[in-house]
Each structure stands twice: as C-alpha cells, then as structure tokens.
Amino acid sequence: MLSQKAKAGDDSANDRVIAYLLESGQLTREELRTFRPSVCNRLDRNTSGLLIAGKTMRGLQETAAQLRSRSVKKYYHALVWGTITEPEHPTAYLVKDHGTNQVKVYTAKPGSGGDQIETAYTPIASYGNATLLEIHLITGKSHQIRAHLVSVGHPVLGDPKYGDPVRNRELFRAAGVKRQLLHACRLELPDGRVFECDDPEEFDKAEQWLMIFYRG
C-alpha cells in the first residue's frame, strides 16, 4: 500500500486514514470539503511499519514542524548482508536521479550538490553472513537507508532497487521473501510517547532460513 496515491485507483494510507476518521465520526463529509487529513511522512514502496498522520490542520502543522526539527525520532529494523559488529554513524551526501528514480551516495560533497545525510545503526542480531540492525534515521531523504547501507557494503535483503539480485532470488526461493526487509519499527515523540510496531513475518522467515543456511 502506498503512503499517498501515485495515480487514480491506487490504495493508499492517506485514503484509509480519511475513511477511518469518517467511519469513527471524527470527521464529517462537510469538513472534508475544506480540509483533508493527511499522512505526514512517507515510507519507500514495499517498506513496512509506522506512519504519522495529522487529523487536524493544527496537528499537521505541529507534526510537520517536529519532523523538520528532527524532534521526532524514527527507528527502523533492517536485515542486511554482511557482518556488522559495532554501532556506526556514517554521514554522506545523497543525489537523486529523477530519471531513474534512484539515488547515489557520495562520501564527499559532489559538484552537483546533494543533501547531507546521517544514518546511525546498531547491530542487534547476527546470522552468519547477515545482520539485523536497528537504524536511527536522523535525516529523512528518499531511499536514504537503502542507498546509504549499500554504499558501505551492506545491502538490505530483498531490496529490488539497490540490493544484490542473485542473493534476492535465493532469498525468494528459500524463504518466499519478495520485498526489502526494512521496517519502521518505532517512533519517539517529543512529549515522551513511544509507538512501536512488530516486525512483519517476512523477517521471521528470512531469519529462520539464515540460521539454518549459515549456521548449519
């Protein structure tokens, strides 16, 4: 499901938020003529997990300000190829190619400019030649986590755009995983509230296969 529609007929989180508010009586059809509730952040296609939505104009404005100031902390889980044993906090520069809808990551600022990015991550489990990471997304640019991890030699398992196609096919045949194993698992709000979302079943399937394959 998309965060927002790409074309007419798409199913989107935005539409489901509005439908929920109408059905629960928190929004009327008349109010919808002048204000449309909306998601405040997006997830890459085929990335699962938590989204933030504003039910009111004030809610949208305040949440947008908190996201810009980075006072909302966003955490992800990702299964990546390779062994990572220590926390890391790399910075880099990201440039988007709008023609291919892909991004490239550079360790030094390129002549074409680019956005500076920060992605901190900590290993929380090891599966031989793969590692489960908790990632703190400090800057939130398009495809940032996936492209940044590839740039340091650790592609996300199942990632069709930036990942390893040979390993992805092996993962699909062995565990039935069809998408990147990247999941928005936790949001920490400035007022102290924390929202969490369990990893989807594809993580369990991949982890079980990795334990058998790499540990015998």
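Just so it is clear, the structure is predicted and the values come from calculations on it, not from any experiment.
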Arg179 and Thr47: CA distance, side-chain angles, deciding distance, side-chain hydrogen bond (donor to acceptor under 3.5 Å, both in side chains) verdict
CA-CA 8 Å; Arg179 67 172 184 87; Thr47 295; 5.9 Å; no

- Message: side-chain contact (heavy atoms from CB on, under 4.5 Å), that's the test. Do Leu132 and Tyr127 meet it? Break it down for me.
- Response: CA-CA 8 Å; Leu132 177 64; Tyr127 300 96; 4.1 Å; yes

Go through the steps to decide whether Val177 and Phe172 satisfy the test side-chain contact (heavy atoms from CB on, under 4.5 Å), and finish with yes or no. CA-CA 5 Å; Val177 174; Phe172 172 68; 6.0 Å; no

Show, in sequence, the C-alpha distance, side-chain angles and deciding distance for Gln116 and Thr139, and conclude whether the side-chain hydrogen bond (donor to acceptor under 3.5 Å, both in side chains) test is met. CA-CA 8 Å; Gln116 189 168 22; Thr139 55; over 6 Å; no

Lys74 vs His136, side-chain contact (heavy atoms from CB on, under 4.5 Å): CA-CA, chis, key distance, verdict:
CA-CA 6 Å; Lys74 296 179 285 186; His136 179 196; 5.7 Å; no

After noting the C-alpha distance and the side-chain angles of Lys161 and Asp159, does the key distance pass the salt bridge (Lys or Arg N to Asp or Glu O under 4.0 Å) rule?
CA-CA 6 Å; Lys161 190 179 287 285; Asp159 186 348; over 6 Å; no

Gln102/Val95 under side-chain contact (heavy atoms from CB on, under 4.5 Å): CA gap, chis, key distance, verdict
CA-CA 9 Å; Gln102 287 187 298; Val95 176; over 6 Å; no

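Applying the salt bridge (Lys or Arg N to Asp or Glu O under 4.0 Å) rule to pairs touching residues 10-24 yields Lys5-Asp15, Lys7-Asp10, Asp11-Arg16, sequence neighbours excluded.
Within a 6.0 Å sphere centred on NZ of Lys141, heavy atoms belonging to other residues, nucleotides or ligands number 12 at most. Within a 6.0 Å sphere centred on NZ of Lys96, other residues, nucleotides and ligands contribute more than 12 heavy atoms.
Considering only residues two or more places apart in sequence or on other chains, Asp204 meets the side chain to side chain donor-acceptor pair (under 3.5 Å) condition with none of them. Here Thr107 pairs with nothing under the side chain to side chain donor-acceptor pair (under 3.5 Å) rule; sequence neighbours left out. A search for side-chain contact (heavy atoms from CB on, under 4.5 Å) contacts involving Asp97 returns Thr100, not counting sequence neighbours. Listed by chain and number, the residues in a side chain to side chain donor-acceptor pair (under 3.5 Å) with Arg45 amount to none (sequence neighbours excluded). In this structure, the side-chain contact (heavy atoms from CB on, under 4.5 Å) partners of Pro90, at least two apart in sequence or on a different chain, are Glu88, Tyr121, His148. By the side-chain contact (heavy atoms from CB on, under 4.5 Å) test, Glu188 is found to be paired with Lys73, Tyr75, Arg186, Val194, residues two or more places apart in sequence or in another chain being considered. Qualifying side-chain contact (heavy atoms from CB on, under 4.5 Å) partners for Ala65, counting only residues two or more places apart in sequence or in other chains: Arg68. Applying the side chain to side chain donor-acceptor pair (under 3.5 Å) test to Arg42 and every residue at least two apart in sequence or in another chain returns Gln4.
Grouped by direct or indirect side-chain proximity (heavy atoms under 4.5 Å, Ile/Leu/Val/Met/Phe/Trp/Tyr only), Ile18 sits with Val17, Tyr20, Leu21, Leu22, Leu27, Leu32. Using a 4.5 Å cut-off between side-chain heavy atoms of Ile, Leu, Val, Met, Phe, Trp and Tyr, Met1 forms no hydrophobic cluster with any other residue. Leu60 shares a hydrophobic cluster with Phe35, Met57; the chain of contacts runs through ILVMFWY side chains whose heavy atoms sit under 4.5 Å apart.
Cluster annotation: Val152 and Leu137 are assigned to the same hydrophobic cluster (Ile/Leu/Val/Met/Phe/Trp/Tyr, side-chain heavy-atom contacts under 4.5 Å, transitive). Connection of Trp209 to Met211 is established within a shared hydrophobic cluster, with ILVMFWY side chains joined at heavy-atom distances below 4.5 Å, either directly or through further cluster members. Cluster annotation: Leu210 is connected to Ile124 through the hydrophobic network of ILVMFWY side chains, with a link wherever side-chain heavy atoms come within less than 4.5 Å. In this structure, Leu50 is a member of the same hydrophobic cluster as Ile52, with clusters built from ILVMFWY side-chain heavy atoms closer than 4.5 Å. Tracing side-chain contacts under 4.5 Å through hydrophobic residues (I, L, V, M, F, W, Y), one never reaches Leu133 starting from Ile138; they form parts of separate clusters.
For Ala206 against Leu181, the heavy-atom pair with the smallest separation is CB-CD1, 3.5 Å. Taking all atoms of both residues into account, the shortest heavy-atom contact from Val103 to Ala147 is CG2-CB, 3.3 Å. When every heavy atom of Thr122 is checked against every heavy atom of Pro87, the shortest pair comes out as OG1-CB, 3.9 Å. Contact between Tyr162 and Asn101 at its shortest, heavy atoms only, is OH-O, 4.3 Å. Shortest non-hydrogen contact noted between Val80 and Leu149 is CG1-CD1, 3.8 Å. Here the closest heavy-atom approach between residue Ile84 and residue Thr131 is recorded as N-OG1, 3.2 Å.
Rounding to the nearest 0.5 Å gives a distance of 13.0 Å between CD of Glu31 and CZ of Arg36. In this structure, CD on Gln66 lies 12.0 Å from CD on Gln61, to the nearest 0.5 angstrom. With rounding to the nearest 0.5 Å, the separation of CZ in Phe195 from CG in Leu189 is 5.5 Å. Residue Trp81 holds its CH2 atom at 7.5 Å from CG of Asp164, rounded to the nearest 0.5 Å. Note: Cys40 SG to Leu51 CG = 9.5 Å, rounded to the nearest 0.5 Å. Residue Ile117 holds its CD1 atom at 6.5 Å from OG of Ser151, rounded to the nearest 0.5 Å.
Using a 4.5 Å heavy-atom threshold, the side chains of His143 and Asp44 count as touching. Contact of the Pro190 side chain with the Val72 side chain is registered, since non-hydrogen atoms from C-beta on lie closer than 4.5 Å. Using a 4.5 Å heavy-atom cutoff, the side chains of Leu79 and Leu182 are not in contact. Side chains of Val150 and Val156 form no contact here, defined as non-hydrogen atoms less than 4.5 Å apart.
Side-chain contact of Gln144 with Thr119: a donor-acceptor pair under 3.5 Å is present, judged by distance alone. Between Glu118 and His89, the side chains place a donor N or O and an acceptor N or O closer than 3.5 Å (distance only, hydrogens not considered). With hydrogens and angles left out, the side-chain atoms of Glu30 and Thr28 include no donor and acceptor closer than 3.5 Å.
Not one N or O on the side chain of His183 forms a donor-acceptor pair closer than 3.5 Å with the backbone of Phe203. Under the 3.5 Å distance criterion, the side-chain polar atoms of Ser3 are left unmatched by any main-chain donor or acceptor of Asn14.
Shown are Pro160, Ser48, Pro155; of these, the side-chain contact (heavy atoms from CB on, under 4.5 Å) with Gln180 is made only by Pro160.
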